[in-house]
Amino acid sequence: MTAHDHGAWLGHARARLRGAGLRDSAGRAAVVELLATQTCLASPQEIVDGLRMRSEPGSAATVYRALETLHGLGLVRRFDSGGVARYEPVDPSGDHHHHLVDETTGEVVPFEDDELERAIEGIGRRLGLDVTGHDVILRGRPAARKAS
């Protein structure tokens with residue numbers, strides 16, 4: 001998401017939470033504001049660390065509760081990678097990206113690929129479905145270099 005999209009997500013998230021009748025606790029508000037600045041996946045521990053760096057309220061328990069609430073409302077997407085759950089905001093416009101997990105380092109790299117999107121749409125047509133969403137996570141290792 002771009003900086004503009006982050007602001008849109010923040011407003012959307014606040015409205016969804018209010019619409020669900022949830023009070024605006026300081027801890028959850030801090031988690032939502034931090035997530036609005038994320039460009040990709042973050043683990044709960046990374047969010048706790050980010051809150052501490054900003055001197056914001058939010059224990060690990062608060063972060064986990066907030067993430068479960070946000071996930072239940074469809075405001076964040078959860079990805080499990082290497083035994084670690086990671087979260088990212090769901091863009092209200094429907095725009096999205098995919099992820100590549102480097103199995104040697106655990107690094108998660110976002111990517112977009114128009115050809116992949118067209119292939120997914122084509123699969124949906126062949127199956128007689130309107131694809132309403134999809135998640136793509138590629139896992140890999142650096143390719144071995146060929147000897148010259």
Side-chain angles (χ1 to χ4, degrees), residues 1-121 123-124 129-145:
M1 285 192 290
T2 65
H4 173 71
D5 296 334
H6 290 292
W9 182 84
L10 181 58
H12 174 70
R14 287 177 173 158
R16 286 277 289 138
L17 288 163
R18 274 192 311 275
L22 297 169
R23 66 184 183 83
D24 197 18
S25 69
R28 183 171 39 239
V31 170
V32 168
E33 288 173 20
L34 181 73
L35 282 169
T37 67
Q38 297 297 306
T39 57
C40 195
L41 300 171
S43 71
Q45 187 58 54
E46 290 167 337
I47 294 169
V48 169
D49 294 345
L51 292 174
R52 284 191 186 128
M53 287 175 51
R54 294 167 58 155
S55 300
E56 296 277 354
S59 66
T62 298
V63 169
Y64 279 100
R65 280 192 305 268
L67 289 170
E68 289 306 311
T69 298
L70 297 170
H71 184 255
L73 292 172
L75 292 168
V76 296
R77 201 175 278 117
R78 175 185 166 138
F79 294 95
D80 292 303
S81 168
V84 176
R86 297 175 187 260
Y87 297 83
E88 70 180 356
V90 174
D91 190 324
S93 75
D95 284 347
H96 65 283
H97 58 258
H98 304 292
H99 303 93
L100 169 65
V101 179
D102 183 324
E103 291 179 333
T104 58
T105 65
E107 180 183 8
V108 179
V109 179
F111 73 93
E112 295 179 19
D113 188 306
D114 291 337
E115 190 174 328
L116 176 60
E117 296 298 326
R118 287 189 298 276
I120 290 169
E121 290 173 12
I123 290 167
L129 299 171
D130 289 325
V131 176
T132 59
H134 61 273
D135 299 314
V136 175
I137 300 177
L138 301 177
R139 291 173 183 77
R141 296 181 191 98
R145 294 196 172 156

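Just the heavy atoms: all of them, side chains too, but no hydrogens, waters or symmetry mates, feed the values below.
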Apply ring pair (Phe, Tyr, Trp, His ring centres under 6.0 Å) to Y64 and list each qualifying residue two or more places apart in sequence or on a separate chain. none
Quick one: pull up CZ in R77 and CG in D91 and give me the separation to the nearest 0.5 Å. 8.5 Å
Nearest 0.5 Å, what's the CG-CZ distance between L22 and R16? 10.0 Å
Is there a donor-acceptor contact under 3.5 Å from the side chain of R78 to the main chain of E68? no
Heavy atoms of other groups near D130 CG, more than 12 under 6.0 Å: no
Qualifying salt bridge (charged side-chain N to carboxylate O under 4.0 Å, His left out) pairs, either residue in residues 35-51, two or more places apart: E46-R86, D49-R52
For the residue pair L73 and A20, what are the closest heavy atoms and their distance? CD2-CB, 4.0 Å
Where is the tightest heavy-atom contact between A42 and I47, given as atom of each residue plus distance? CB-CG1, 4.0 Å
Is any side-chain heavy atom of L17 closer than 4.5 Å to a side-chain heavy atom of T69? yes
Check residues 109-116 and write down every donor-acceptor pair under 3.5 Å in which the side-chain atom is one partner and the other belongs to a residue at least two apart or another chain.
unit_1, atom_1, unit_2, atom_2, d
D113, OD1, E115, N, 2.9
D113, OD1, L116, N, 2.8

Sorted by chain and residue number, the side chain to side chain contact (heavy atoms under 4.5 Å, CB included) partners of T132 (sequence neighbours excluded) come out as none
Less than 4.5 Å apart, any side-chain heavy atom of E33 and any of T37? no
Who are the ring pair (Phe, Tyr, Trp, His ring centres under 6.0 Å) partners of H134, not counting sequence neighbours? H96, H98
Shortest non-hydrogen pair, A60 vs V48, comes out as CA-CG2, 3.7 Å
Run the side-chain donor-acceptor check on residues 99-106: report pairs under 3.5 Å with partners two or more places apart or on a different chain.
unit_1, atom_1, unit_2, atom_2, d
H99, NE2, E88, OE1, 3.3
H99, NE2, E88, OE2, 3.4
H99, NE2, H97, NE2, 3.2
D102, OD1, T104, N, 2.8
D102, OD1, T104, OG1, 2.5
D102, OD1, T105, N, 3.3
E103, OE1, R141, NH2, 3.3
T105, OG1, E107, N, 3.1

Do the side chains of R54 and L34 get nearer than 4.5 Å, heavy atoms only? yes
With rounding to the nearest 0.5 angstrom, report the CG to CG distance, L75 to L10. 11.0 Å
Check whether any side-chain heavy atom of L67 lies under 4.5 Å from a side-chain heavy atom of L35, and answer yes or no. yes
So which heavy atom on L51 is nearest to which on G58, and how close? CD1-CA, 4.0 Å
Please give me the minimum heavy-atom distance between V76 and W9, naming the atom from each residue. CG1-CZ2, 4.2 Å
